[in-house]
Amino acid sequence: MASIAKVRNKLLDSLYVLCQEPKRLVRGIVLFVCSIVVVYQLTDCFRKLFSPPISTHSRFDLNDTMLYPSITFCREPAYKADVMAKYNLAMHPKYTSGFDNFPFNETSLEELFSEATYNHSEFFLQHGLNGGTDTIEVEESLHLDMGRCYTLNPLITTKHSWKDAGYSIMLRHDSNMSIPMTVGETLPGWHIFIHEQKEGFAENRMQSSGRVEYLFLEVNEEMEIRLSTQHFFMLASYENECVEFSPISSTKCGELCHWRTVVESVGCSGPWMPGLDVAYCDNPTDTKQLIKIYRQLEDLDGTQCGCFQPCTTTIFTASVMNRKEFRLNIPAAQLWVYYTSKMVAVVEEFHGYDFNQFVSDLGGSLGFLLGLSVLGLIGLLEKIVEMVFIRRLIAERRKRQAASEGKNSKGQIVSSTTEDTKPPIVANAMAVSVPGMEATLKQ
């Protein structure tokens, strides 16, 4: 308690000294407030320097060369009905109950999927890009739900836009729209996936969502698709985890993560999951379990396997310009995919704060604390306070002077009054005392 009282007394003494000198008081208050503001500003500057905010900039570029996307075609229905019936299976392997009667001792899953899906000649009549047939690379892939799919990868870029410079693809089918369909049966045609070439195609919806454009082309139909392109350049951050460079695409990485998780649960693999160095399932129990878990985990997030999105992404947007009937002597369809403009949208992310801005803010903060504007403000406040204090001091001095003068005048009046009244009292006393003395003497 004694120490607290001492500190309080010292503070009061310091405050008293400051109040006696208003210039010091003003300087102290202003410098204290400015110091708090500067510390806050510098703290915020350091925070932005070590964790800079991300800003987005959009622009349009006019490209001299047009890069076309990859296009993946998957047939519907995906499997041959006669082959599936030959092995006592349903129209699609997803109906796993049919594998109870599958002759595993006579054939294998690999032979089944190879025989029941459609090869290249059963899929295409012709395909080309920019008027040539050797400008496309065809890549084949096998999937459980989609069957055998084919991806057309462009080998060239074009200098012109419009129909003649784009894709021209004619597909064939073995089903005809004129045949009545049963309830629940899907329309015959082709699933079309438009995507970036380096990412590839996967039927895992989690890996393909957001970066793949989807269309459905029916049998005996001609469709014209207009393309537009958007390039995204993102920055890796805590909220947006992406990778600048990766030896494998994020789509393929997520697909492999999906496959490995399924195989670890079952212990065997299937023909639609190649390259895992695991034997294919050879009995009904494992096969049904494999297909069941594969479909249950198709929304598996690949980030648990270290699969992150690329920081640089190209997204292709497809708009249907025209759809009309297309007739040949066989069930077929025609697809046109092309650009109508060379304009490309570019969206870039960049750090909204760098070292140069930090130095600028640092100089501004220190200038706020030490600059002439602050000194001028201090001088102005000092003048104002001096005027207020001086007027108050003058008023208080006048009051004290008036009070002291009043006290002096009262003292003079009292002393003069005392001097005037004392002699009569003494005289009377002498007058009174004298007769008494005389009477005493007489006795």
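If you're wondering where the values come from, they're calculated on a predicted model, not measured in any experiment.
- Residue Thr117 comes nearest to Glu122 through the heavy atom pair O-OE1, 4.1 Å, listed as atom of the first residue, atom of the second, then distance.
- For Gly270 against Leu290, the heavy-atom pair with the smallest separation is N-CD2, 3.7 Å.
- Checked against the 6.0 Å centroid criterion, the rings of Phe102 and Tyr87 qualify as a close aromatic pair.
- With a 4.5 Å cut-off on side-chain heavy atoms, Trp162 and Thr340 count as touching.
- Side-chain atoms of Ser70 and His195 form no donor-acceptor pair, as typed in the model, at a separation below 3.5 Å.
- Tyr79 is listed as a side-chain neighbour of His92, based on a closest heavy-atom distance under 4.5 Å.
- The aromatic rings of Trp272 and Phe113 sit tilted, their planes meeting at an angle between 30° and 60°.
- In summary, the aromatic rings of His191 and Phe73 are positioned with their centroids too far apart to meet the 6.0 Å limit.
- Nearest heavy atoms, Tyr68 versus Thr158: CE1-OG1, 3.3 Å.
- Between Glu325 and Arg327, the shortest heavy-atom contact is OE2-NE, 2.6 Å.
- Side-chain atoms of Glu349 never come within 3.5 Å of backbone atoms of Ile54 as a donor-acceptor pair (strictly under, hydrogens ignored).
- Side-chain N or O atoms of His258 include one that pairs as donor or acceptor with a backbone N or O of Tyr294 at under 3.5 Å.
- With sequence neighbours excluded, the residues satisfying side chain to side chain contact (heavy atoms under 4.5 Å, CB included) with Ala345 are Phe60, Gln230.
- Side-chain atoms of Glu213 come within 3.5 Å of backbone N or O of Ala318 as a donor-acceptor pair.
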- Going through the checks in order, is the disulfide bond (SG atoms under 2.5 Å apart) test met by Cys307 and Cys257? CA-CA 8 Å; Cys307 302; Cys257 180; 5.4 Å; no

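- Nearest approach of Tyr150 to Tyr118, heavy atoms of both residues: OH-O, 2.9 Å.
- Closest heavy-atom contact between His160 and Ala165: O-CB, 3.4 Å.
- Looking only at distances, no side-chain donor or acceptor of Glu199 sits under 3.5 Å from a matching main-chain atom of Glu196.
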Check: residues 135-145 side-chain donor-acceptor pairs under 3.5 Å, at least two apart:
residue: Thr135; atom: OG1; partner: Leu129; partner atom: N; Å: 3.3
residue: Thr135; atom: OG1; partner: Leu129; partner atom: O; Å: 2.8
residue: Thr135; atom: OG1; partner: Gly132; partner atom: O; Å: 3.0
residue: Glu139; atom: OE1; partner: Asn153; partner atom: ND2; Å: 3.2
residue: Glu140; atom: OE2; partner: Arg148; partner atom: NH1; Å: 2.3
residue: Ser141; atom: OG; partner: His143; partner atom: NE2; Å: 2.9
residue: Asp145; atom: OD1; partner: Arg295; partner atom: NH1; Å: 2.4
residue: Asp145; atom: OD2; partner: Arg295; partner atom: NH1; Å: 3.4

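- Using the six-membered ring where Trp is involved, Phe46 and Phe50 have ring planes that are parallel, under 30° apart on the 30 and 60° scheme.
- Shown here is Asp277, whose CG atom has no more than 12 heavy atoms of other residues, nucleotides or ligands within 6.0 Å.
- With hydrogens and angles ignored, the 3.5 Å screen pairs a side-chain donor or acceptor of Tyr339 with a backbone N or O of Leu67.
- Ring orientation note: the planes of Trp190 and His173 are nearly perpendicular, at an angle over 60° on the 30°/60° scale.
- Without hydrogens or angle criteria, Lys342 side chain to Lys159 main chain gives a donor-acceptor distance under 3.5 Å.
- The aromatic rings of Tyr214 and Phe193 lie tilted to each other, with the angle between the two planes from 30° to 60°.
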